[in-house]
There are 2 protein chains.
Amino acid sequence: MTESQSQKPDYERELRNAGVRITRPRRVILGILSDAGDHPDAMEIFRRAVAIDASISLSTVYRTMKLLEGVGAIHRHAFEGGPSRFEPAIGEHHDHLIDIETGDVIEFQSDRIEELQQEIARSLGYDIVHHRLELYGRKRRKR
Amino acid sequence: MTESQSQKPDYERELRNAGVRITRPRRVILGILSDAGDHPDAMEIFRRAVAIDASISLSTVYRTMKLLEGVGAIHRHAFEGGPSRFEPAIGEHHDHLIDIETGDVIEFQSDRIEELQQEIARSLGYDIVHHRLELYGRKRRKR
DNA sequence: AATGCAATTGCAAATCGTTTGCAACTGGAA
DNA sequence: TTCCAGTTGCAAACGATTTGCAATTGCATT
Ligand SMILES: [Mn+2]
Ligand SMILES: [Mn+2]
Ligand SMILES: [Zn+2]
Ligand SMILES: [Zn+2]
């Protein structure tokens, strides 16, 4: 396997090109997002950021998330109940299954479902701009 | 077509059986929900309620929605951005397509997608408790 | 029909997640 | 280095929803 497909996005480059200033707080937040394997919310990102640079504020986390969402660098999820959660917009599209007991988020992907969504939308005279598919469930009890 | 399948749910009966007290505010709110053809939010329900009984409070609307959701009489939707929106839990299950330009909500149903969701969940070792499928799109530009 | 009391209400204040005004600060082009 | 528009931290504001509390009211019981 070559490293042609980096797992961690080079945000700094990407953002510079988008004409965004790379500041200290942003560099810290970008680093956190780059190697987050989960779907942290703003407060969690803030905690991780403060551990690196105590002067970072929650406001800046929120402002940065909004900016990154705006340039398409991250995705915002509004899972049931809780606050917005984020993840880098790398790799192929996927949807989520949320374990309603543990809160675990499991990713999955179904070309078939994606196709069907398109069909449905167009049969209704619409083009899909984006969508949201979330399954909420619990581990199947062993039989 | 007979009237064997009532379009408007008989909430009062349903709730009495569930051991819920039928108060004046509740009766008004239930009436509004019964013949709401749309997906109103709490504030909208409040407005419609006040038009019938000026003494109803927004708190009571919120408390009643929570109660009705709890007994499964209504569904709560958290469409992108806005506040929670509600609809009677009658008829067959359906999902929604939201017109991102007008805010219109269009209902649709796909047995195929529902099946695929089940398959996916069980392949991941889960039972689906509920799910959420929302398509956000815009009217296809006429070609 | 009158009684009794837990359930329900309206109101105001609180809460939660998020946004914003503002004065101080800083990245990075020149 | 200078310079200033962009960015920051802070505190206050925000919108949606929830909650404490004292007053009211369903409704089961006499
Ligand atoms: Mn994900
Ligand atoms: Mn609907
Ligand atoms: Zn998808
Ligand atoms: Zn569905």
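Lettering of chains follows the sequences in order, A, B, ..., and the numbering in each one begins at 1. When reading the values below, keep in mind they use all heavy atoms of this one structure, side chains included, and skip hydrogens, waters and symmetry mates.
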Looking only at side-chain N and O atoms, does [X] come under 4.0 Å of OP1 or OP2 in [N]?
{"X": "Ser84(A)", "N": "dG17(C)", "answer": "no"}
{"X": "Lys66(B)", "N": "dT17(D)", "answer": "no"}
{"X": "Ser59(B)", "N": "dC11(C)", "answer": "no"}
{"X": "Arg26(B)", "N": "dT9(C)", "answer": "yes"}

How many whole angstroms separate atom [atom1] of [X] from atom [atom2] of [N]?
{"X": "Leu58(B)", "N": "dT19(D)", "atom1": "CG", "atom2": "C1'", "answer": "13 Å"}
{"X": "Arg24(A)", "N": "dG27(C)", "atom1": "CZ", "atom2": "C1'", "answer": "13 Å"}
{"X": "Met65(A)", "N": "dG17(C)", "atom1": "CE", "atom2": "P", "answer": "16 Å"}
{"X": "Ile56(A)", "N": "dT8(D)", "atom1": "CD1", "atom2": "P", "answer": "9 Å"}
{"X": "Tyr62(B)", "N": "dG20(D)", "atom1": "OH", "atom2": "P", "answer": "18 Å"}
{"X": "Arg47(B)", "N": "dA16(D)", "atom1": "CZ", "atom2": "C1'", "answer": "13 Å"}
{"X": "Asp53(B)", "N": "dT24(D)", "atom1": "CG", "atom2": "C1'", "answer": "14 Å"}
{"X": "Arg85(A)", "N": "dC16(C)", "atom1": "CZ", "atom2": "P", "answer": "19 Å"}

Ser34(B) (side chain) donor-acceptor with Leu30(B) (main chain) under 3.5 angstrom: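 Side chain of Ser34(B) to backbone of Leu30(B): a pair is present.
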
Test item: Arg140(B) side-chain N/O and Arg122(A) main-chain N/O as donor-acceptor pair under 3.5 Å: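 Judged by distance alone, yes, a pair lies under 3.5 Å.
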
Glu87(A)-His39(A) side chain donor-acceptor pair, cut-off 3.5 Å: yes

5'-most by nearest nucleotide on DNA chain C - Arg21(B) or Val61(B): Arg21(B)

Polar pair under 3.5 Å, donor/acceptor by atom type, side chain Arg63(A), base dG9(D):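 In this structure, the two groups form a donor-acceptor pair.
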
Leu15(B), Leu68(B), Leu67(B), Thr60(B) screened by side chain to side chain contact (heavy atoms under 4.5 Å, CB included) with Arg26(B), the one that passes: Leu67(B)

Between His77(B) and Phe86(B), ring centroids under 6.0 Å: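 No - the distance between ring centres of His77(B) and Phe86(B) does not fall below the 6.0 Å cut-off.
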
Earlier contact from the 5' end, DNA chain D, for Asp41(B) and Ser57(A):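 Result of the comparison: Ser57(A).
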
Comparing Thr64(A) and Phe86(B) on DNA chain D - which has the more 5′ nearest nucleotide: Thr64(A)

Nearest-neighbour nucleotide for the Thr23(A) side chain, dG10(C), dT17(D), dG27(C) considered: dG27(C)

Minimum-distance nucleotide (side-chain atoms of Ile22(A) versus dT8(C), dG28(C), dG9(D)): dG28(C)

Sugar-phosphate only, base, or nothing, as touched by Arg16(B) at under 4.0 Å among non-hydrogen atoms: sugar-phosphate

